[in-house]
Amino acid sequence: MDTKLLIIGGVAGGATAAARARRLNERAKIIILERGKHISFANCGLPYYIGGVIKYRDNLLVTTPEDFQARYDVEVRINSEVLSIATNKREIVIRDSKSGGIYTESYDTIILAPGAEPVMPPIPGVDLDGVFHLRDIPDSDKIKQVIGLKKTTSAVVVGGGFIGLEMAENLVIRGIETTVLEMGNQVMAPLDTEMAAIVHAHLKYRGVNLALGQRVKSIVSKDGQLWVSTEQAREFGCDLVISAIGVTPENRLAKEAGLKLGPRGHIQVDATMRTSNPHIYAVGDAVEIKDFVTGFPTAVALAGPANKQGRVAADNAMGRRSIYTGALGTSIVKVFDLAIASTGSNEKTLVRQGIPFMVSYTHSGSHASYYPGSSPMAIKLIFSPSSGNILGAQIVGSDGVDKRIDVLATAIHAGMTVLDLEELELAYAPPFSSAKDPVNMAGFVASNILKGDMDVAHWHELAALIQSGAVLMDLRGEEEIRAAGAIPDSIHIPLDKLREELPNLDRNKEYIPYCAVGMRGYLAHRILIQNGFNSRNLSGGYRTFVGAREEIMRESPEMKLWLSE
């Protein structure tokens with residue numbers, strides 16, 4: 001089949017689509033039009049190049065236009081900006097940024113891969129020298145040059161998402177005192193608040209000045225420094241500002257061509273990645289696709305989904321029926337010594353969309369505790385109360401987080417339940433895991449909740465429970481309590497003494513036993529309910545409570561007073 005395919009935009013989605021289209025059709029004329037200098041580069045590696053972890057700029061280049069053209073017989077035109085699409089004539093207008101010349105090109109099919117652009121906040125001073133965004137290699141070159149030429153000792157990063165936190169880490173690595181300003185009450189939006197709190201603590205531990213709830217009002221240059229002012233009447237002086245408050249879909253071409261857009265400006269596509277125009281497909285950060293878990297429209301600015309969408313679009317453009325089933329948003333980010341990962345839906349999304357769910361927390365070692373180097377990982381599992389299907393997961397830890405989030409993402413895609421997680425046979429040797437892998441443990445705990453073997457109380461329910469007269473029961477040893485602290489007003493009954501203390505307990509009270517991570521709390525819960533007491537185990541134990549403490553205090557003035565005493 002002879003056909004002419006134009007691909008507007010390179011990087012993940014566009015370059016993948018071009019390579020796939022050529023593999024399917026050797027006779028097709030395929031042209032990539034990229035307004036920048038690079039058709040495929042590792043934009044996820046830009047913060048690490050600035051930090052010096054990636055030492056050589058050329059390592060960021062996945063392929064060159066010359067190499068791509070030679071291998072795939074795809075005509076690559078860099079420095080070529082598409083100005084408009086005339087859908088009635090099936091023709092586009094292009095400007096060569098080198099020569100300034102403008103010309104037209106016909107097409108049979110277009111695949112749009114324009115990506116997303118950094119959000120430009122409408123605040124005074126955002127265009128000052130020393131204020132940067134990070135989207136591509138030229139942006140990273142500018143930032144690295146400024147850091148190298150000037151005596152940069154301090155920086156403010158505006159935004160606590162993926163790029164913001166990666167930039168904060170790499171600036172600190174370069175010895176630059178770094179402040180992260182986040183207008184929300186947490187960093188890393190894919191996480192729920194109690195999981196993000198672990199990240200907050202680690203950022204502070206690694207010397208990052210973290211300021212939450214700070215909306216930037218203006219940036220001014222004064223006395224050789226930049227000063228960032230917030231609506232909360234705080235000022236932060238620095239030598240360098242990185243704006244990383246998010247991205248917005250680059251939709252100008254689509255909008256002007258009359259393609260249907262979603263409520264947030266993303267290009268609407270069907271399961272074949274076809275837009276509202278039958279001859280135009282779209283992929284990547286600019287498109288609105290289906291959430292795999294909820295079925296609702298969503299947008300995911302991640303390289304993995306963009307690559308898969310590029311493949312699907314190319315299949316359909318070349319006459320092969322292919323379907324994109326939706327995105328889980330599986331992601332992971334390194335922040336100093338932590339790995340932060342999530343997949344599927346978080347609580348915030350499910351609440352907003354009215355989808356019922358249950359939650360479990362576990363804290364497992366990355367491998368066998370008796371083998372040196374084991375580190376804890378906190379796992380939050382979200383699942384359906386009716387079917388037990390896994391709806392989402394979040395993990396914060398060090399070693400082995402990537403392996404576990406990938407297993408859970410696969411389980412969600414396969415439609416598995418928390419009961420299935422109990423049965424998974426995962427690789428075990430002491431340096432790598434435990435006989436009961438952290439994924440198995442998450443499945444055991446969630447299944448206990450689902451089957452009714454364990455009633456749980458969650459951190460955000462504590463205020464109401466305590467006010468209703470519930471009694472907190474600390475099961476840990478005295479040395480643990482002295483080292484880590486305790487929840488106020490808890491009675492102390494070590495687990496091994498619980499049975500002999502049962503006659504002294506009030507059967508009219510509800511008891512909430514807790515330990516460090518929830519295991520001893522579960523044992524105590526089983527003892528209590530089988531002896532006729534009303535009981536709920538504090539899910540995730542004291543570690544989850546400590547992580548969520550700041551949010552608990554924010555929720556209730558009474559709890560703030562109680563926890564501050």
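With hydrogens and angles ignored, the 3.5 Å screen pairs a side-chain donor or acceptor of R174 with a backbone N or O of I50. Side-chain N or O atoms of D139 include one that pairs as donor or acceptor with a backbone N or O of R135 at under 3.5 Å. Panel note: side chain K4, backbone E105; no donor-acceptor pair is recorded below 3.5 Å. A donor-acceptor pair under 3.5 Å is formed between the side chain of N389 and the backbone N or O of G415. Looking only at distances, a side-chain donor or acceptor of Q309 sits under 3.5 Å from a matching main-chain atom of G284. Listed for the R234 side chain is no donor-acceptor partner under 3.5 Å among the backbone atoms of V228. In this structure a side-chain-to-backbone donor-acceptor pair under 3.5 Å is present from H202 to D337. In this structure, N251 contributes its side chain and G265 its backbone to a donor-acceptor pair below 3.5 Å.
Remark: K260 NZ to T275 OG1 distance equals 10.5 Å, nearest 0.5 Å. Rounding to the nearest 0.5 Å places CG of L261 at 10.0 Å from NE2 of H266. Of the inter-residue distances, the one linking T87 atom OG1 with Y107 atom OH reads 5.5 Å to the nearest 0.5 angstrom.
By the 4.5 Å heavy-atom criterion applied to side chains, R311 and R23 are counted as neighbours. In this structure, F296 and I355 have side chains that are in contact, with non-hydrogen atoms separated by less than 4.5 Å. A heavy-atom distance below 4.5 Å is found between the side chains of P47 and L134. Contact check for L212 versus H200: side-chain heavy atoms found under the 4.5 Å cut-off. Residues L350 and T294 have side chains in contact (heavy-atom distance under 4.5 Å, counting atoms from C-beta outward). Within the 4.5 Å cutoff, the side chain of S345 has heavy atoms near those of the D291 side chain.
The heavy-atom pair separating E166 from V333 by the smallest distance is OE2-CG2, 3.5 Å. A17 approaches I7 most closely through the heavy-atom pair C-CD1, 4.0 Å. When every heavy atom of Q186 is checked against every heavy atom of D192, the shortest pair comes out as OE1-C, 3.8 Å. Closest of all the heavy-atom pairs between A409 and T343 is CB-OG1, 3.5 Å. When every heavy atom of V172 is checked against every heavy atom of T178, the shortest pair comes out as CG2-OG1, 3.8 Å. Of all heavy-atom pairs between A155 and L171, the closest is CB-CD1, 3.8 Å.
For R252 and E117, the salt-bridge test fails: no basic side-chain N is under 4.0 Å from an acidic carboxylate O. A salt bridge links R57 and D141; the closest N-O separation between the charged side-chain nitrogens and carboxylate oxygens is under 4.0 Å. The pair E231-K217 fails the salt-bridge criterion, with no side-chain N (NZ, NE, NH1 or NH2) lying under 4.0 Å from an Asp/Glu carboxylate O.
More than 12 heavy atoms of other residues, nucleotides or ligands lie within 6.0 Å of OH in Y103, so this atom counts as buried by the packing criterion.
Listed by chain and number, the residues in a side chain to side chain donor-acceptor pair (under 3.5 Å) with S80 amount to none (sequence neighbours excluded).
When only modelled atom types and interatomic distance are considered, T272 and N316 share no side-chain donor-acceptor pair under 3.5 Å.
Geometrically, K144 engages Y49 in a cation-pi contact defined by less than 6.0 Å to the ring centre and at most 45° from the axis.
In this structure, the ring of F292 has its center less than 6.0 angstrom from the ring center of H413.
When each of R20, K308, R274 is tested with D315 by the rule salt bridge (charged side-chain N to carboxylate O under 4.0 Å, His left out), just one qualifies, namely R20.
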